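First the proteins, then the strands, lettered A, B, ... as listed; each starts at 1. Computed from a prediction, not measured in an experiment: that's the story for all the values here.
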Amino acid sequence: MKKLINDPQDVVAETLAGFGAAHPDVVAVHTDPNYVTRAGGARSGKVGLVSGGGSGHEPLHAGFVGEGMLDAAVPGAVFTSPTPDQIAPALQAADSGAGVLAIVKNYTGDVLNFETAAELADADDVNVRSVVVNDDVAVEDSLYTAGRRGVAGTVCVEKIAGAAAERGDDLDAVTAVAEKVIANVRSMGVALTACTVPHAGKPSFDLPEDEIEIGIGIHGEPGRRRIPLAGADEITEMLLAPVADDLKLASGEKVLLFVNGMGGTPSSELYIVYRRARALLEERGVEVVRSLVGNYVTSLEMQGASVTVLRLDDELTTLWDAPVHTTALRW
Amino acid sequence: MKKLINDPQDVVAETLAGFGAAHPDVVAVHTDPNYVTRAGGARSGKVGLVSGGGSGHEPLHAGFVGEGMLDAAVPGAVFTSPTPDQIAPALQAADSGAGVLAIVKNYTGDVLNFETAAELADADDVNVRSVVVNDDVAVEDSLYTAGRRGVAGTVCVEKIAGAAAERGDDLDAVTAVAEKVIANVRSMGVALTACTVPHAGKPSFDLPEDEIEIGIGIHGEPGRRRIPLAGADEITEMLLAPVADDLKLASGEKVLLFVNGMGGTPSSELYIVYRRARALLEERGVEVVRSLVGNYVTSLEMQGASVTVLRLDDELTTLWDAPVHTTALRW
Amino acid sequence: MTLDVAWAIDWVRRSAATVKEHREELIELDRQIGDGDHGENLNRGFTAVVGKLDALESPPGDVGEVLKLVATTLMSTVGGAAGPLYGTAYLRAAKAAAVPELDANGVVAMLEAALEGIVARGKATTGEKTMVDAWTPATEAAVAAADEGAAPAAVLAAAADAATRGAESTIPLVATKGRASYLGERSAGHLDPGARSTELILHAAAEAAQ
Amino acid sequence: MTLDVAWAIDWVRRSAATVKEHREELIELDRQIGDGDHGENLNRGFTAVVGKLDALESPPGDVGEVLKLVATTLMSTVGGAAGPLYGTAYLRAAKAAAVPELDANGVVAMLEAALEGIVARGKATTGEKTMVDAWTPATEAAVAAADEGAAPAAVLAAAADAATRGAESTIPLVATKGRASYLGERSAGHLDPGARSTELILHAAAEAAQ
Ligand SMILES: Nc1ncnc2c1ncn2[C@@H]1O[C@H](COP(=O)(O)OP(=O)(O)O)[C@@H](O)[C@H]1O
Ligand SMILES: Nc1ncnc2c1ncn2[C@@H]1O[C@H](COP(=O)(O)OP(=O)(O)O)[C@@H](O)[C@H]1O
Ligand SMILES: [Mg+2]
Ligand SMILES: [Mg+2]
Ligand SMILES: [Mg+2]
Ligand SMILES: [Mg+2]
């Protein structure tokens with residue numbers, strides 16, 4: 001295992017220490033328990049926005065704390081949902097009286113820990129609502145399973161709900177916008193290499209030099225199937241088609257196209273994937289009117305990418321375009 | 001070799017195609033020959049700023065084209081300086097009558113090709129000045145060598161000279177500011193893994209699982225020495241000390257601390273390095289007043305990092321803080 | 001022939017020891033069909049529990065108090081799916097065992113409460129390749145043993161053995177709950193890490209009762 | 001016994017062929033002490049040269065015209081250090097060989113001009129582990145052969161053989177110019193890729209003169 005780390009047990013704490021020291025103008029890092037808030041604290045009268053999950057997906061979520069996006073983020077241990085006693089104070093810190101929306105990725109651990117935290121916060125008179133992001137089409141959504149995972153589409157939910165909260169929407173309205181994004185965003189990912197969880201010390205799966213995993217999540221799990229290494233264009237088709245199909249995209253629709261890197265993929269490769277994904281959407285008569293390309297929802301140092309498509313209407317487009325000032329997303 | 005690419009010969013062209021399609025509001029991509037300009041073209045009366053070099057270092061340089069930074073960027077083949085017939089039209093496009101400053105990294109190929117291009121542009125009445133960035137302290141600067149390499153410090157030169165040009169400085173003044181940055185910026189890097197040049201098809205060097213290379217450049221060259229894998233804190237000391245020593249940093253001085261990823265390193269690890277580098281500077285009584293942490297000057301998918309320190313005075317701080325609107329740097 | 005606070009404390013310490021001992025195995029099992037953190041997380045949690053136990057000023061008054069300490073500590077240190085699941089299990093078990101001493105029926109009630117807690121939180125049923133596949137046969141075996149008049153120690157031994165068989169039964173299953181479900185068919189052929197940790201913890205209970 | 005335009009064209013085509021054949025070897029040499037692009041870049045350049053040659057409407061009037069075409073094409077397609085260095089070499093050589101036919105002294109003048117071009121651009125001297133270490137002995141050997149009255153073909157053969165020895169002489173050297181210099185002492189023990197490509201190109205010249 002080759003990483004720029006010290007003791008594997010200290011990875012999250014040391015990352016947060018560096019993050020806080022580097023960006024005191026944007027964020028405040030709290031330790032014991034660990035959570036991150038906006039430097040200025042919660043803005044009075046604004047609905048609070050909180051997200052969180054296992055670490056190892058940076059910049060998700062702490063990189064999205066700041067004006068126009070999250071009020072607080074809760075990083076768990078690497079690939080491990082945070083605990084209620086971390087989440088509850090973050091919910092409290094984000095509350096300025098208008099209530100808090102928790103944006104939860106659909107994993108058993110995240111859902112359960114956020115549930116408990118919301119109960120704790122509720123006992124302290126914080127009005128907590130939550131939405132569950134489940135954009136990963138690699139996983140079948142069925143009554144008999146844990147449902148689809150939440151992956152890169154989470155960025156879209158956090159950005160757009162964040163803009164709604166910032167413009168003064170109330171808790172019902174912010175929740176409705178978040179649900180609308182969730183209903184219209186889908187993703188699918190590929191891994192060229194595994195990643196190594198620091199405390200595990202060896203790769204999350206063993207992948208021969210000539211094979212890749214299609215339909216991976218963001219926790220180093222193997223994907224739905226293993227296939228021979230293929231060209232970027234071919235791989236992009238395998239990612240884009242199920243996403244577009246699941247969204248039932250029709251000719252004439254407008255979308256945001258988001259090509260996300262898994263952490264170890266250089267941006268040049270992401271642009272190659274973007275180029276092909278865009279062409280495939282155009283072949284379907286779908287217009288790409290907004291774009292995001294970069295490493296935003298990662299799996300440690302994994303090489304790979306995911307393709308996310310968000311169906312846009314005027315409201316979502318306006319909210320996407322609204323100013324944002326976080327360490328990872330800014331305009 | 002595992003990459004999200006198609007034919008290795010098409011990597012640069014396809015990256016540029018995706019880049020141009022994703023960011024039409026910021027950049028315009030020209031092909032045959034390849035160069036990138038601002039979407040709006042050169043602003044009349046402003047000194048033009050051009051940089052370029054081999055591809056594979058993304059977002060350098062095309063990611064820094066835009067208001068407040070470069071007017072044009074010239075991407076060569078992977079790790080190969082661009083040719084004069086690419087550079088010359090970029091110099092021309094960047095010229096609006098106030099002359100052009102070329103920011104060249106100190107490599108034989110870059111220097112020679114920019115030299116020839118400047119002659120070509122000069123023949124077309126473009127007034128071209130150039131500065132050579134050589135911030136890498138891993139390489140001894142001696143009369144009898146090719147001198148120090150230009151590495152991550154290039155971002156500081158491009159940002160600050162860009163701000164000077166944007167505020168209306170003339171060619172002499174912009175050149176002087178660029179030289180001032182060059183005189184005050186130093187870097188040193190480490191590789192945990194090699195990178196693979198697409199057309200070469202195999203790693204740029206062979207590194208056992210328990211060894212790292214200290215004093216690497218940004219072209220996948222091996223470093224100055226190979227040492228056993230160590231903890232992040234220890235490695236950071238090996239990078240920071242020669243940088244700080246070479247700059248002869250004195251107690252009470254203010255600096256910008258820039259921890260750069262080589263492409264395959266997750267931001268969490270960069271923050272761990274940042275944290276330690278900052279502490280080491282503080283031990284020397286040096287105050288870190290500005291920070292940059294991320295993958296900005298990369299070597300394809302290499303895992304590793306570099307530490308850059310720029311000595312700041314009021315002028316450089318103001319110029320660093322000035323608005324910038326590029327695809328990779330924005331505030 | 002009843003189990004008291006000393007037993008409960010011994011159970012917790014043995015649980016911590018066995019989880020530490022099998023930390024890497026649990027990581028490896030979770031690496032194969034999950035995200036490789038189960039051993040790390042449980043070990044962190046039980047280490048914290050032992051720390052809390054050591055720091056107690058006065059000894060817990062009943063079995064339930066011990067289990068409540070386990071519950072709250074796991075809840076606030078484990079995270080992931082296992083944190084709330086085990087946390088709820090111990091919390092419910094604590095309520096059911098809020099007595100100074102447990103007889104055989106008390107042991108059964110405690111195990112049943114734990115299982116109910118897991119099911120209430122996780123909504124899994126048997127055959128979904130989760131810890132429920134270890135807890136369910138364990139509880140059933142405990143009921144059967146108690147019905148036959150077994151002593152508390154024998155009830156726990158029966159539960160532990162059934163948990164072992166239950167854990168092994170997860171190997172061929174295709175997961176439909178938890179993280180392993182994302183693998184679909186590829187989850188078959190692997191032991192569920194949560195079922196394995198359940199087995200370890202129940203064996204610790206039985207050993208403490210010897 | 002003189003070398004004409006047909007020879008020059010043949011030289012270029014043979015150069016392209018040998019560079020293509022040794023593409024991977026040159027990449028590998030450059031990978032060891034540089035950035036692994038020398039073979040790729042030269043191959044791209046010479047492939048373009050051949051394309052230009054094939055597309056010519058009328059044949060070049062003299063040797064210099066052929067070399068000028070090589071110069072400008074390499075300059076605009078190779079990039080890196082080798083692009084301008086070889087580009088300048090061919091440009092100066094073209095000027096020195098702006099005649100329909102080259103005798104032995106003409107060959108010498110051409111080689112000397114090429115070397116001067118490389119040195120003018122790259123500022124390297126012998127012993128710095130660059131292509132200069134192949135061009136210098138090659139030019140010296142050409143001078144000696146011409147002085148002894150050798151025919152142009154023999155002059156080129158002597159130059160090519162000297163280039164081979166010159167290239168080999170770079171192996172123990174510590175680089176002080178070019179990218180290999182960044183390696184310091186670690187550059188010793190490797191053949192310089194530019195010296196190797198020089199050797200290949202000069203052998204192509206000699207073979208075309210057979
Ligand atoms: N819905 C559920 N019901 C019961 N047990 C579950 C459920 N989901 C997961 N588990 C158990 O949790 C274990 C995984 O725990 P752990 O690795 O700590 O959490 P995570 O999956 O969040 O990383 C699985 O092996 C399984 O036994
Ligand atoms: N200053 C110089 N003078 C002469 N030859 C040089 C000089 N610098 C580099 N070279 C030659 O160029 C070769 C490398 O060419 P190439 O790999 O194409 O360029 P780059 O180093 O830019 O990648 C070296 O092997 C060396 O022979
Ligand atoms: Mg987990
Ligand atoms: Mg090169
Ligand atoms: Mg797990
Ligand atoms: Mg090279």
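To the nearest 0.5 Å, the span separating CG on D/Leu74 from OG1 on B/Thr83 amounts to 11.5 Å. Rounded to the nearest 0.5 Å, atoms OH (D/Tyr182) and CD1 (B/Ile216) are 13.5 Å apart. Atom OG of D/Ser76 sits about 10.5 Å away from atom CG of B/Asn113, to the nearest 0.5 Å.
Contacts between residues 82-89 of chain D and chain B, counted as heavy-atom pairs separated by less than 4.5 Å, involve D/Pro84, D/Leu85. For residues 5-14 of chain B, a heavy-atom distance under 4.5 Å to chain D picks out B/Gln9, given by residue number. Within residues 208-215 of chain B, the residues having any heavy atom closer than 4.5 Å to a heavy atom of chain D are B/Glu213, listed by residue number. Residue-level contacts of residues 107-123 of chain D with chain B, in order of numbering, are D/Arg121; threshold 4.5 Å between heavy atoms.
Heavy atoms only, all atoms of each residue included: B/Val197 and D/Asp35 are closest at CG2-O, 3.9 Å. Between B/Arg224 and D/Ser181, the shortest heavy-atom contact is NH1-O, 3.8 Å. Residues B/Gly223 and D/Leu183 approach most closely at O-CD2, 3.6 Å, considering heavy atoms.
Contact count versus chain B (heavy atoms, under 4.5 Å) is highest, among D/Glu24, D/Arg179, D/Glu185, for D/Arg179. Chain D forms the most heavy-atom pairs under 4.5 Å with one residue out of B/Pro203, B/Ala194, B/Gly220, and that residue is B/Pro203. Interface summary for chain D: among B/Gln86, B/Arg149, B/Glu221, B/His219, the most heavy-atom pairs under 4.5 angstrom belong to B/Arg149.
A 6.0 Å sphere centred on NZ of D/Lys68 holds no more than 12 heavy atoms belonging to other residues, nucleotides or ligands. For D/Lys20, the NZ atom is loosely surrounded, since the number of other residues' heavy atoms within 6.0 Å does not exceed 12.
In terms of modelled atom types and a separation under 3.5 Å, the side chain of B/His199 and the main chain of D/Asn41 share no donor-acceptor contact.
The parts of B/Ala200 that come within reach of chain D are both its backbone and its side chain, each placing non-hydrogen atoms under 4.5 angstrom from that chain. Heavy-atom distances place the side chain of D/Glu28, and not its backbone, under 4.5 Å from chain B. Contacts of D/Asp37 with chain B are made by both backbone and side-chain atoms, with heavy-atom separations under 4.5 Å. For a residue to count as touching a neighbouring chain, one of its non-hydrogen atoms must lie under 4.5 Å from one of that chain's; by this rule D/Ile27 touches chain B with the side chain only.
Figure legend: D/Arg31 and B/Phe205 shown without cation-pi pairing, the cationic atom not lying both under 6.0 angstrom from the six-membered ring centre and within 45 degrees of its axis.
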